[in-house]
Amino acid sequence: MTETRLRFPPSPTGYLHIGGARTALYNWLYAKQTGGKLILRIEDTDTDRSNQESIQGILDGLEWLGIDFDEGPYFQTDFSEEHIAAAQKLLNEELAYKCFCTKEELDSKREAALAAKKPLGYDRTCRNLSATEIADKEKAGIPYVIRFKVPERTGVIGYDDKILGRIESDYKEIDDFVIVRSNGKPLYLLCNVVDDIRDKISHIIRGQDHMTNSIKQVLLYEALQAPLPVFAHMPLTLDTKKAKISKRSHGEIVSVQFYRDHGFIPWALNNFLALLGWSDGDDKEIFSKKELIEKFSLERINKSSSIFNYRKNDPKFFTDPKAISINEHYLRTMEISELGEMVRAELEDENLWDKAYDNDKKEWYLNTLELIRNRFHTLTDFATLGRAYFADDFKVEEKPLKKNVLKHEGLIGWLPVLADRYEQLEQFNLEETERVVREYADELEIKPGILINGMRTVVTGQLAGPSMFDILVSIGQERVVSRLRDVAKLYPE
RNA sequence: GGCCCCAUCGUCUAGUGGUCUAGGACACCGGCCUCUCACGCCGGGAACAGGGGUUCGAGUCCCCUUGGGGUCACCA
């Protein structure tokens, strides 16, 4: 078998969204699995809508996800001569024709057809123009587009889809589609095929929204006398109302950037995306990169579209709960040193990074992450919920403040006493810190929990967290003492 | 509207005629653990869209209905 060659051809009209990312991922997985190549091709022929910022956004998004490509990025506009030549060839061979109908005429015909509930296709007015008629119109300077001449055959044309099976269409259902605009610029349907032929693309994995395009493109492959690639149309990703997700209607929640900004681990997002429309036959859901490359298969991709279950304005889940849960899984099971690097970026962004975390305090840094990672959902939590471990200017949350501190007025006096006793400790370790608290609680004849939970809030600002004594040891004697002493400032005047 | 695709718990899904009183994951609820909250562990509720066939037997095959989606641009 010859080398598999895949491609991901985004149009740079906005950021990379999760649908696009998933398409890129599937292509990437298949290329990796078969030892083939993945080509990135920026389809920028729509100069009105394409922009540099989008190109950068797509590149950044793919890089962040770790989806690398073997060739490219190529830019479709760099090959416009080839596209034009192909159109000319089709014209010369009478496989295409010039159409002088104006856009206005077409639009009104379409509207009329829609109103009359008739098929909307082009009525082929210009298909049988004589040579003299064409010459006359050209002489008169009437602009024209070039349309592909759908063969006059009976029966059906189709392709074998790796996911959907045989897809066919009756010839008479296919429109004489436009391949070159009146300004001389070739259109997607043509460019895409010409590029795929040149790039020797063997497999086209793309969304089901391209299903009807593929039929037309099969015709183009035939007209251009090129071998057909394998098609695989993946299910679409819908929103909770079953509408196709799009940048325009869903905004940043569907952008890859959003997940980077909200502290997702890149591979966790890939893992989630892979599961949206694919599963191995087993119950396994967490896949390492290597495992996924091995197990992935086109045949096991679902036919039906899936819903991206994000929840807007949900205080607990800012996106699909499953995505978050997969992220949590990686957060708490990944190699701690690897996590350390990711958290480092978060801390640096918040000016919480201490160079010593990379040498003298490295052990402390990694141990602390190990201590707190279980309760966190995203990378950003380390700099927000975990701020007290890395800085003194953390915020004390209102709820625990009321529940664990203000409710017990005695704490305003007790915690400073505890601070004194802690300051005296020669061994500031788990056993000693616990012994001191429990003894003091006995003296006061109160439940140790009152002191412990009060301390948790004063020392970390949080309602919940790891074992209190682990926290104390991690934060350290000096900082603990000073935070406990300052408890009074948490009480209103 | 024409054409095309699809249809199992709330969501992602397993299921390729008998092993399905339908399995797993997330989410939800309850319990255990406990200095808090998580994690973890244990348990619970929750689905074959409807109707006809075919068959000894149908979630699985066929047909119809319904529902959803895609597409019908001088966008990609």
Side-chain angles (χ1 to χ4, degrees), chain A residues 9-13 43-46 48-50 76 99 101-103 106-107 110 113-122 143-147 161 164-165 167-170 173-175 177-183 185-189 191-192 207-213 215 233 235-236 238 240 242-244 272 275-286 302-311 316-317 320-326 328 332 372-377 400 403-404 434 437-438 441 447-453 455-457 462-469:
Chain A
S11 62
T13 55
E43 307 223 317
D44 55 352
T45 52
D46 183 355
D48 290 345
R49 297 197 305 151
S50 299
Q76 195 158 52
C99 168
C101 297
T102 65
K103 196 167 187 329
L106 260 19
D107 283 346
R110 207 170 2 249
L114 197 60
K117 299 187 175 178
K118 291 268 182 60
L120 307 177
Y122 176 59
Y144 62 85
V145 299
I146 299 176
R147 285 181 186 275
D161 191 286
L164 300 169
I167 300 294
E168 289 178 334
S169 173
D170 209 304
E173 301 289 344
I174 311 170
D175 223 13
F177 52 94
V178 177
I179 54 175
V180 181
R181 291 175 166 108
S182 56
N183 65 7
K185 291 191 174 167
L187 255 4
Y188 169 76
L189 252 7
C191 300
N192 191 251
Q208 286 180 7
D209 49 344
H210 283 284
M211 255 193 295
T212 48
N213 282 339
I215 289 280
H233 290 94
L236 264 19
L238 274 23
T240 47
K242 299 198 172 176
K244 194 172 148 186
F272 168 74
L275 258 24
L276 218 53
W278 173 88
S279 73
D280 84 333
D282 222 333
D283 288 336
K284 191 172 167 63
E285 296 205 312
I286 299 291
N302 270 296
K303 291 180 178 178
S304 53
S305 47
S306 48
I307 293 173
F308 175 54
N309 193 23
Y310 75 95
R311 312 177 173 192
K316 196 163 172 189
F317 302 104
D320 192 314
K322 190 147 192 166
I324 293 179
S325 116
I326 291 175
E328 287 166 354
R332 42 187 81 116
I372 59 184
R373 81 207 289 205
N374 267 358
R375 286 163 184 80
F376 291 168
H377 312 286
K403 188 179 168 196
N404 290 339
E434 178 161 9
V437 170
R438 293 198 183 275
K447 283 189 287 189
I450 294 175
L451 289 177
I452 292 173
N453 291 326
M455 267 204 290
R456 190 192 317 281
T457 301
Q462 300 288 310
L463 179 66
S467 161
M468 192 58 229
F469 308 103

* Would you confirm whether A:Thr457, through its side chain, and A:Asn453, through its main-chain N or O, come within 3.5 Å as a donor-acceptor pair? => yes

* Asked: Can you tell me if A:Lys284 uses its side chain to pair, donor with acceptor, with the backbone of A:Ile286 under 3.5 Å?
  -> yes

* To do: Might you point out which heavy atoms bring A:Lys244 and A:Asp209 nearest each other, and give the distance in Å?
  => NZ-OD2, 3.4 Å

* To do: Spell out yes or no: do the side chain of A:Ser169 and the base of B:C3 have one donor N/O and one acceptor N/O closer than 3.5 Å?
  => no

* Quote, to the nearest angstrom, the P distance that separates B:G67 from B:C26. => 35 Å

What are the atom names and distances for every N/O pair under 3.5 Å that joins the protein to nucleotides 38-42 of chain B?
residue, atom, partner, partner atom, Å
B:A38, O2', A:Asn374, O, 3.3
B:A38, N3, A:Arg375, NH2, 3.3

* **A:Leu238 versus A:Ser305, closest heavy-atom pair with distance** => CD2-OG, 3.3 Å

* To do: Return the nucleotide paired to B:U66: Watson-Crick means purine N1 to pyrimidine N3 with N6-O4 or O6-N4, wobble means G-U with N1-O2 and O6-N3, both under 3.5 Å.
  => B:A7

* Is the backbone N or O of A:Phe308 less than 3.5 Å from a side-chain atom of A:Asp320, with the two atoms forming a donor-acceptor pair by type? -> no

* Compute whether any side-chain donor of one residue and acceptor of the other, for A:Gln208 and A:His233, lie under 3.5 angstrom apart. => no

* Can you check whether A:Ser279 has a side-chain N or O nearer than 4.0 Å to OP1 or OP2 of B:A14? -> yes

Which atom pairs link the protein and nucleotides 74-76 of chain B when you take only N or O atoms and keep those under 3.5 Å?
residue, atom, partner, partner atom, Å
B:C74, O2, A:Ser182, N, 2.9
B:C74, O2, A:Ser182, OG, 2.8
B:C74, N3, A:Ser182, OG, 2.9
B:C75, OP1, A:Arg181, NE, 3.2
B:C75, OP2, A:Arg181, NE, 2.8
B:C75, OP2, A:Arg181, NH2, 3.1
B:C75, O2', A:Asp46, OD2, 2.4
B:C75, O2', A:Arg49, NH2, 3.0
B:C75, O2, A:Arg49, NH2, 3.0
B:A76, OP1, A:Thr45, OG1, 2.9
B:A76, OP2, A:Tyr188, N, 3.0
B:A76, O3', A:Glu43, O, 3.3
B:A76, O3', A:Glu43, OE1, 3.3
B:A76, O2', A:Ser11, OG, 3.3
B:A76, N6, A:Asn213, OD1, 3.3
B:A76, N6, A:Asn213, ND2, 3.1
B:A76, N1, A:Asn213, ND2, 3.1

* Rounded to the nearest Å, what distance is computed from the CZ atom of residue A:Phe308 to the C1' atom of nucleotide B:G69? -> 18 Å

* Nearest-Å distance once atom P is located in both B:G10 and B:A49 -> 12 Å

* Closest non-hydrogen atom pair, A:Phe272 against A:Ile326 -> CA-CD1, 3.8 Å

* Structure fact -> Re B:G40: Watson-Crick or G-U wobble partner, both distances kept under 3.5 Å, found to be B:C32

* **No-H, no-angle donor-acceptor pair, A:Arg456 side chain to B:C35 base, under 3.5 Å** => yes

* Given the C1' atoms of B:G18 and B:C4, what is the spacing between them in whole Å? -> 35 Å

* **Nearest listed nucleotide, side chain of A:Asn302, among B:C26, B:U13, B:C6** => B:U13

* How long is the line joining CD1 of A:Ile326 and P of B:G24, in whole Å? -> 18 Å

* For atom NZ of A:Lys284 and atom P of B:C26, their distance in whole Å -> 14 Å

* From A:Glu285 CD over to A:Leu275 CG, what is the distance, rounded to the nearest 0.5 angstrom? -> 5.0 Å

* To the nearest Å, give me how far apart NZ (A:Lys242) and P (B:G70) are. => 12 Å

* Give one of base, sugar-phosphate or nothing for A:Gly465, where a contact means two heavy atoms less than 4.0 Å apart. => base

* For nucleotides B:G51 and B:C41, find the distance between their P atoms and express it as a whole number of Å. => 40 Å

* **Atom C1', compared across B:G40 and B:A22: separation rounded to whole Å** => 28 Å

* Asked: Say you pick atom P in B:U54 and the same atom in B:U8; how far apart are they, in whole Å?
  -> 26 Å

* Taking all atoms of both residues into account, what is the closest heavy-atom pair of A:Ser182 and A:Val145, and its distance? -> N-CG1, 3.6 Å

* Please determine if a side-chain N or O atom of A:Lys244 lies less than 4.0 Å away from the OP1 or OP2 oxygen of B:G68. => no

* Once you round it to whole Å, what is the distance between P of B:U34 and CD of A:Glu434? -> 13 Å

* May I ask you to say what A:Pro321 touches in the nucleic acid, namely base, sugar-phosphate or nothing, with a heavy-atom cut-off under 4.0 Å? => sugar-phosphate

* A:Arg373 side chain to A:Glu328 backbone, donor-acceptor under 3.5 Å -> no

* Out of B:U11, B:A27, B:C6, which nucleotide sits closest to the side chain of A:Leu164? -> B:C6

* Taking the nucleotide of RNA chain B with the closest heavy atom to each, which residue, A:Leu238 or A:Pro448, is nearer the 5' end? -> A:Pro448

* Asked: Are any of the side-chain heavy atoms of A:Glu173 and A:Ile215 separated by less than 4.5 Å?
  -> no

* To do: For A:Met468, answer base if it contacts any base atom (sugar-phosphate contacts may also be present), sugar-phosphate if it contacts only those atoms, and nothing otherwise; contact means non-hydrogen atoms under 4.0 Å.
  => base

* **Position toward the 5' end of RNA chain B (nearest nucleotide), A:Arg438 or A:Thr212** => A:Arg438

* **Closest approach of A:Glu43 to A:Tyr188 (non-hydrogen atoms, all atoms of both residues)** => OE1-CE1, 3.3 Å

* When the distance from CZ of A:Arg311 to C1' of B:G10 is rounded to whole Å, what number comes out? -> 8 Å

* **Mate of B:A14 where both pairing distances stay under 3.5 Å, Watson-Crick or G-U** => none

* **Inter-nucleotide C1' distance (B:C64, B:C20), Å rounded** => 26 Å

* To the nearest Å, give me how far apart CD (A:Glu285) and C1' (B:U13) are. => 7 Å

* For B:G52 and B:G59, measure between their P atoms and round to the nearest Å. => 14 Å

* Structure fact -> Scanning all shown strands, the Watson-Crick or wobble mate of B:C20 with both distances under 3.5 Å is none

* Contact class for A:Lys316 (heavy atom, under 4.0 Å): base, sugar-phosphate, or nothing? -> sugar-phosphate

* To do: Mind checking A:Phe272 for me? I need base, sugar-phosphate or nothing, with any heavy atom below 4.0 Å counting as a touch.
  => nothing

* To do: Mind calculating the distance between CG (A:Leu276) and P (B:A14) to the nearest angstrom?
  => 12 Å

* State the pairing partner of B:A73; accept Watson-Crick or G-U wobble contacts with both distances under 3.5 Å, and report none otherwise. => none

* Candidate nucleotides B:U71, B:U36, B:A27, ranked by approach to the side chain of A:Leu463 - the nearest -> B:U36

* Asked: Do A:Asn213 and A:Leu189 come close enough that some side-chain heavy atom pair is under 4.5 Å?
  -> yes

* With respect to the side chain of A:Ser467, which nucleotide from B:A27, B:C4, B:C35 is positioned closest? -> B:C35

* Give A:Ile167 one of three labels, base, sugar-phosphate or nothing, depending on what nucleic acid heavy atoms sit under 4.0 Å from its own. => sugar-phosphate

* **Polar side-chain contact A:Lys322-B:C12 base: donor and acceptor under 3.5 Å** => yes

